J.: 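Please read through the structure below; I'll follow up with questions.
Fair warning: this is a prediction, and the values are worked out from it, not measured in the lab. These numbers come from the heavy atoms of this one structure, side chains and all, not from hydrogens, waters or symmetry mates. Naming convention: chains lettered A, B, ... in sequence-line order (proteins, then strands); numbering from 1 in each chain.
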Amino acid sequence: MSIANRYDPAAIERDLYAEWEHSGAFAPSGNGAPYCIVIPPPNVTDRLHVGHAFQHTLMDALIRYQRMNGRRALWQTGTDHAQIATQMVVERQLAAQGIALQDIGREKFIDRVWAWKESTGGAITQQIRRMGSSVDWNRERFTMDEGFSRAVLEVFVRLYEDGLIYRGQRLVNWDPQLKTSISDLEVENVEEPGHLWHIRYPLADGVYTADGDDHLVVATTRPETMLGDTAVAVHPDDERYRSLVGNSVILPLAGRRIPIIADGYVDREFGSGCVKITPAHDFNDHAIGTRHGLPLVNIFNADASVNDNAPVPYRGLDRFEVRKRVVADLEAADLVERVQDHTMTVPRGDRSKATIEPWLTDQWFVKIAPLAGPAIEAVRDGRVRFVPKQYENMYFAWMRDIQDWCISRQQWWGHRIPAWYDDAGNVYVGRTEAEARAKAGLADHVALRQDDDVLDTWFSSALWTFGTLGWPERTQELADFHPTDVLVTGYDIIFFWVARMIMMTLRFTGEVPFRKVYIHGMVRDATGAKMSKTSGNGLDPLDIVDGIATEELVAKRTANMTQPQMAAQIAARTRREYPDGIQPYGTDAVRFAFCALASQGRDLAFDLKRIEGYRNFCNKLWNASKFVLSHVDGAAQDSAALNGPVALSAADRWIRSLTGRLAANAHAAIADYRFDLYANAVYEFAWHEYCDWYVELAKPVLFDAQAPPEHVRAVRKTLLETLAALLRIAHPIVPFVTETLWRHIAPRAGLGGDTIMRQPFPSPDDLPADLGAEAAVAWLKGVTTAIRNIRGEMNVSPAKEVELLLQDGDTADRQRLAATEALLKRLAKVGALRWLAEDEEPPPASVQVVGRLKVMVPLAGLIDADAECARLRKEIDKLNKDLARVDAKLGNANFVAKAPAAVVAKERDRGAALRAQFAVLDAQLSRLEAA
RNA sequence: GGGUGUUUAGCUCAGUUGGGAGAGCAACGGCCUUACAAGCCGUAGGUCGCAGGUUCGAGCCCUGCAACACCCA
């Protein structure tokens, strides 16, 4: 079977993945030490976006690398039920059909969600496959599947029994649109323009302020909440109001009498220094209310319309409508002193984007402090390490101030809370209703009703590492693969997920969930802007893999929008940015780009130009392999072509040495999670050493019919063996092209295996450094480059053979030339070559200096003397600058006295070399100018 | 308001204990040289955000400032 003439990723990638998957190659195997990564479970509502693809690429590179190193590698995959996000999507679909939730009821709704999940859940797994991710599909899990749900139930019940889960009436973040509580983390604080209203509250009982006013002025951004005010607070040390503390004001509109209290929380500088206190609708006010024993007046319904605790005219109206009316009514009563423009921080739900209300409800909470302590300790003592380390500070800061976690959601889709109530409102918790009854010794005739709420989606994902491995059963997988080795995730979910995993896992397994947390940056578009559906700059990774036409992309980006008014703008932007659509680049190119861009501690700008470059890289690998195969197969009839004695040349030894260095660098880079350094090392070696130099160095031998067989064999074997090593080293990044090429290259290199996936990752020990060979090739490269430079600068056609003159130099130069003359002649297209005697006057020539060696190309007919003079002046100029810097350094007595001897010696050598070069070039310039 | 990160070539980014500023892309010049024009050869381009400090020596260490990004309040 011969290799296709052209690299075409579409032709290889799909079939290869199916073959891998069916062969069972992704499952852990062998007797090596276990290695495990759990995938951060994507939401079933999602399609894979480039951020996922990026993250998965890094994980797959790690898994493939460890698998090649003989580890029993498990990449645990699965998806998350994404409680709120999923419910929202299905609700919206129903709404589009004119169906309201209460019409169909809880059970039917949940059936609908499952049906929808079954119909779309496949999309994301298909995308994971197309990205080449070698996950173990046999072990795929879903956070709502039976086994995992059991783990969730178990954890809830045990935490409850241990007193770490409690139910209580608390002020929580309430989303009036979704009509559910959400946790602190799910609230985004957004700065928005607003107003600050200064409102007069009349003093009761005929008292006056120190300034003689009959009222206090309070400033608020939310005048509607005054309907629930139960006090006005001033600072205890504020002389202006000290005498009024203990008196009352009459709350306007409501007409209630409320006290004036003193509390250190009040900022005297803000507004008039008087603050309205609404304990039922503000977290800070609630704390003050608790301190002062103030009553709570809840004025909102679940949808944030105003309830019957407010004066009649406002009842039943939406909060924003009430705001307008309250302001109007106050103005009518001349109680508004002034109105300022004011930037306010508005809390919004991260899913619904609705303005959140602090609202008093009964909810379930996790008591967090007993869980946080051990979790802080685990990071402090290094059982869990963050990479990069700076994220540990972020983790500590958050964990120190962590508040109890509200885990109940007033929704239907999700893990239903395993608590039951009797008619008296007593609560019974158990794994089943029967267990709950049994524990409480309840008679069968006592009616119980299960809690309607479901759990926060992050409650279940916190159990992901051990829940997927079979907990609460004591499975072999749990024993083998837990703690997992590394978690690869973005900094955006350190609090949501990483911290909670550490807390829960320590509590229930006594182990950390993972030993390392590799935190990657966020993928942004080519201009560095955040990718999002609403700004329409997001990309489906498969559209880069397979390519997409402009209009198709426009259609995709403007479909199913939450903000349809943006469609025209997005369409225009898309047409501008992708006038010719996106070419099909193939999975390998995209993966290579992700690795190369994965530098630590920063977001990455995702640029298609980079992908194109790496597609070209894959093509380069393909063509190099084609070259190697053609020269091996051409000789295949000759059984001695590869078998028999070999005599390795300096070039052969050099590329072997560099291959060893590549292996060492790759191992080190992966150990440090430096995917960028790893990818760059592969790129640099493959393109600029193997292809640019070694293949060229191989040609003179391969094309020479007279070459001794042991030399030819050495070149063929070296081409094959180093390419085979390169393919294995590159495989974790670019699995498809390397596997395809491997199957052609490996058998000829005497290496077995149907798949590169199970081949050992090359060890530097197999290819020790050969300093002699490296020095020899460095010399050859230097002389070749010098001649090419003359050609380039003098516009001598590469096709034109030139004469080469050498002069001076030392014995090493002569030895090296002798060893590599044939190579040099080919690489630099040199015809005649002659050493000049030391005292021989060279003909007019263009000259370069390599070490002590003068490299000259005679001008005769080839080179313009004026151009050469100009070039020399430029060179001399540069030399002079360098020399001046070196001399300044050496002229500094302090430098010579204090710098390490080696540094000084190096500087002296550099000076001497520069001076020698200068002498040659300067003499050459005078000679040409004289002529 | 507190914290973290970033600032290096036109663009995107490397730069590992302080010791001659790098890559890719873009640009410019020359090449269809028997693996590859998705290529080859060569060239040019930077006050390393600003201001101080430490040091014989600073992109790197310290202080301050600025801009941008993000996290927390």
J.: Students often get this wrong, so: under 4.0 angstrom with heavy atoms, is A:Asp692 touching a base, only sugar-phosphate, or nothing?
T.: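 The answer is sugar-phosphate, as A:Asp692 gets under 4.0 Å only of primed atoms, P, OP1 or OP2.
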J.: Give a yes/no on whether any side-chain N or O of A:Lys699 is located under 4.0 angstrom from OP1 or OP2 of B:rA35.
T.: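 The answer is yes; a side-chain N or O of A:Lys699 sits under 4.0 Å from OP1 or OP2.
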J.: Is there a side-chain polar atom (N or O) of A:Asn894 under 4.0 Å from OP1 or OP2 of B:rU55?
T.: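 No, no such contact exists.
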J.: Hey, does A:Cys691 reach any base, or is it just sugar-phosphate, or nothing, if we go heavy atoms under 4.0 Å?
T.: base
J.: For the residue pair A:Tyr265 / A:Asn284, report whether a side-chain donor-acceptor contact shorter than 3.5 Å exists.
T.: yes
J.: Counting the atoms with a prime plus P, OP1 and OP2 as sugar-phosphate, which does A:Arg910 contact under 4.0 Å by heavy atoms, base, sugar-phosphate, or nothing?
T.: base
J.: Give the B/S/- string for nucleotides 5-15 of chain B, one per nucleotide from 5' to 3', where a protein heavy atom under 4.0 Å of the base yields B, of only the sugar-phosphate yields S, and otherwise -.
T.: SSS----BSSS
J.: Give a yes or no on whether a salt bridge exists between A:Asp887 and A:Arg915, defined as a side-chain N under 4.0 angstrom from a carboxylate O.
T.: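 Here A:Asp887 pairs with A:Arg915 in a salt bridge, since their nearest N and O are under 4.0 Å apart.
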J.: Does the separation of the ring centres of A:Phe606 and A:Phe594 fall below 6.0 angstrom?
T.: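 Ring centroids of A:Phe606 and A:Phe594 are less than 6.0 Å from each other.
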J.: Quick one: which of A:Phe617, A:Tyr690, A:Tyr678 gives a ring-ring contact (aromatic ring centres under 6.0 Å, His included) with A:Tyr683?
T.: A:Phe617
J.: Applying a 4.0 Å non-hydrogen cut-off, can you work out what A:Ala397 is touching in the nucleic acid: base, sugar-phosphate, or nothing?
T.: nothing
J.: Looking at A:Arg222 and A:Glu357, does any basic side-chain N land under 4.0 Å from a carboxylate oxygen?
T.: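 Yes, this pair counts.
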J.: What integer number of Å spans the P atoms of B:rG57 and B:rG30?
T.: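 These two P atoms come out 47 Å apart once rounded.
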J.: Using the P atom as the reference point in each nucleotide, state the distance between B:rC50 and B:rC11 in Å, no decimals.
T.: 15 Å
J.: May I ask you to establish whether A:Arg500 and A:Trp405 are in a cation-pi arrangement, using a distance under 6.0 Å from NZ or CZ to the six-membered ring centre and at most 45° from the ring axis?
T.: yes
J.: Look at all strands and tell whether A:Arg885 reaches a base, only sugar-phosphate, or nothing, counting heavy atoms closer than 4.0 Å.
T.: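 Sugar-phosphate contact only - A:Arg885 comes under 4.0 Å of backbone atoms but never of a base.
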J.: Need one value for A:Asn393: base, sugar-phosphate or nothing, where a base atom within 4.0 Å counts as base even if backbone is also close, heavy atoms only.
T.: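 The residue A:Asn393 makes no contact with any strand.
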J.: Taking pairing as Watson-Crick or G-U wobble with both contacts under 3.5 Å, can you name the mate of B:rU54, or confirm there isn't one?
T.: none
J.: Distance between the P atoms of B:rC28 and B:rU33, in whole angstroms?
T.: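 B:rC28 and B:rU33 have their P atoms separated by 23 Å.
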J.: Reckon A:Val628 touches a base, only the sugar-phosphate, or nothing at all at heavy-atom distances under 4.0 Å?
T.: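 If one applies the 4.0 Å heavy-atom cut-off, A:Val628 turns out to touch nothing in the nucleic acid.
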J.: Write down the distance between CG (A:Asp401) and P (B:rC72), rounded to a whole number of angstrom.
T.: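 Rounding to the nearest Å, CG of A:Asp401 and P of B:rC72 are 12 Å apart.
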J.: Would you tell me if any nitrogen or oxygen in the side chain of A:Lys626 comes within less than 4.0 Å of OP1 or OP2 on B:rA35?
T.: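 For B:rA35, neither OP1 nor OP2 has a side-chain N or O of A:Lys626 closer than 4.0 Å.
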J.: Relative to the ring of A:Tyr518, is the ring of A:Tyr673 parallel (under 30°), tilted (30 to 60°) or perpendicular (over 60°)?
T.: parallel
J.: Assign A:Glu696 to base, sugar-phosphate, or nothing according to its heavy-atom contacts below 4.0 angstrom with the strands shown.
T.: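 Answer is base: heavy atoms of A:Glu696 come under 4.0 Å of a base.
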J.: At under 4.0 Å between heavy atoms, what does A:Tyr391 touch on the DNA or RNA strands: base, sugar-phosphate, or nothing?
T.: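 It contacts nothing in the nucleic acid.
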J.: Look at A:Asn623 and B:rG39 and indicate whether a side-chain polar atom (N or O) is within less than 4.0 Å of OP1 or OP2.
T.: no
J.: What's A:Lys620 touching, base or sugar-phosphate or nothing? Going by heavy atoms closer than 4.0 Å.
T.: base
J.: Both distances under 3.5 Å, Watson-Crick or G-U wobble: report the partner of B:rU16, or none.
T.: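 Partner of B:rU16: none.
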J.: B:rU4 C1' sits how many Å from A:Tyr395 OH, rounded?
T.: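 Those two atoms, OH and C1', are 18 Å apart.
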J.: Write down the partner of B:rC11 under the Watson-Crick or G-U wobble criteria, each distance required to be under 3.5 Å.
T.: B:rG24
J.: Partner lookup for B:rG1, please. Criteria are Watson-Crick or G-U wobble with both distances under 3.5 angstrom; report none if nothing qualifies.
T.: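 B:rC72 - that is the nucleotide pairing with B:rG1, both distances being under 3.5 Å.
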J.: Just how far, in rounded Å, is P of B:rA23 from OH of A:Tyr614?
T.: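 Those two atoms, OH and P, are 14 Å apart.
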J.: Give a yes or no on whether a salt bridge exists between A:Arg661 and A:Glu689, defined as a side-chain N under 4.0 angstrom from a carboxylate O.
T.: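 No salt bridge links A:Arg661 with A:Glu689.
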